[in-house]
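A short write-up of the structure that comes next.
One is the number of the first residue; the rest follow in order along the sequence. Because only heavy atoms are used, hydrogens play no part in the values below, and waters and symmetry mates are left out as well, while side chains stay in.
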Amino acid sequence: MQNGIIVRNAGEFGLDGWIRVSVGTYEENEKVIEVLKTIAESQTGRRMNDYETRI
């Protein structure tokens with residue numbers, strides 16, 4: 001657990017290479033989106049726009 005978010009491997013559901021993220025509240029969902037956005041930006045070297053993070 002990092003950033004207060006639990007991420008699990010979805011391989012147990014036959015989805016190898018995918019992750020499972022469960023959130024409970026709107027605020028938790030917003031935090032997950034922001035953390036994933038930060039990770040994507042650090043990996044790609046470019047800023048993600050709102051459209052890319054809301055798909």
Item to check | ILVMFWY cluster, I19 and V35 together (side-chain gap under 4.5 Å) | outcome: yes
Checklist entry - Under a single-linkage definition using a 4.5 Å side-chain heavy-atom cutoff for Ile, Leu, Val, Met, Phe, Trp and Tyr, are V32 and I39 assigned to the same hydrophobic cluster? => result yes
Checklist entry - For E28, which residues count as a salt bridge (charged side-chain N to carboxylate O under 4.0 Å, His left out) partner, sequence neighbours excluded? => result none
Next on the checklist: With rounding to the nearest 0.5 angstrom, report the CG to CD distance, N29 to E34.
Outcome noted: 10.5 Å
Checklist outcome for this item: Taken to the nearest 0.5 Å, the spacing of N9 CG from D16 CG works out to 7.0 Å
Item to check | Nearest non-hydrogen partners of E41 and R46, listed with the distance | outcome: CG-O, 3.2 Å
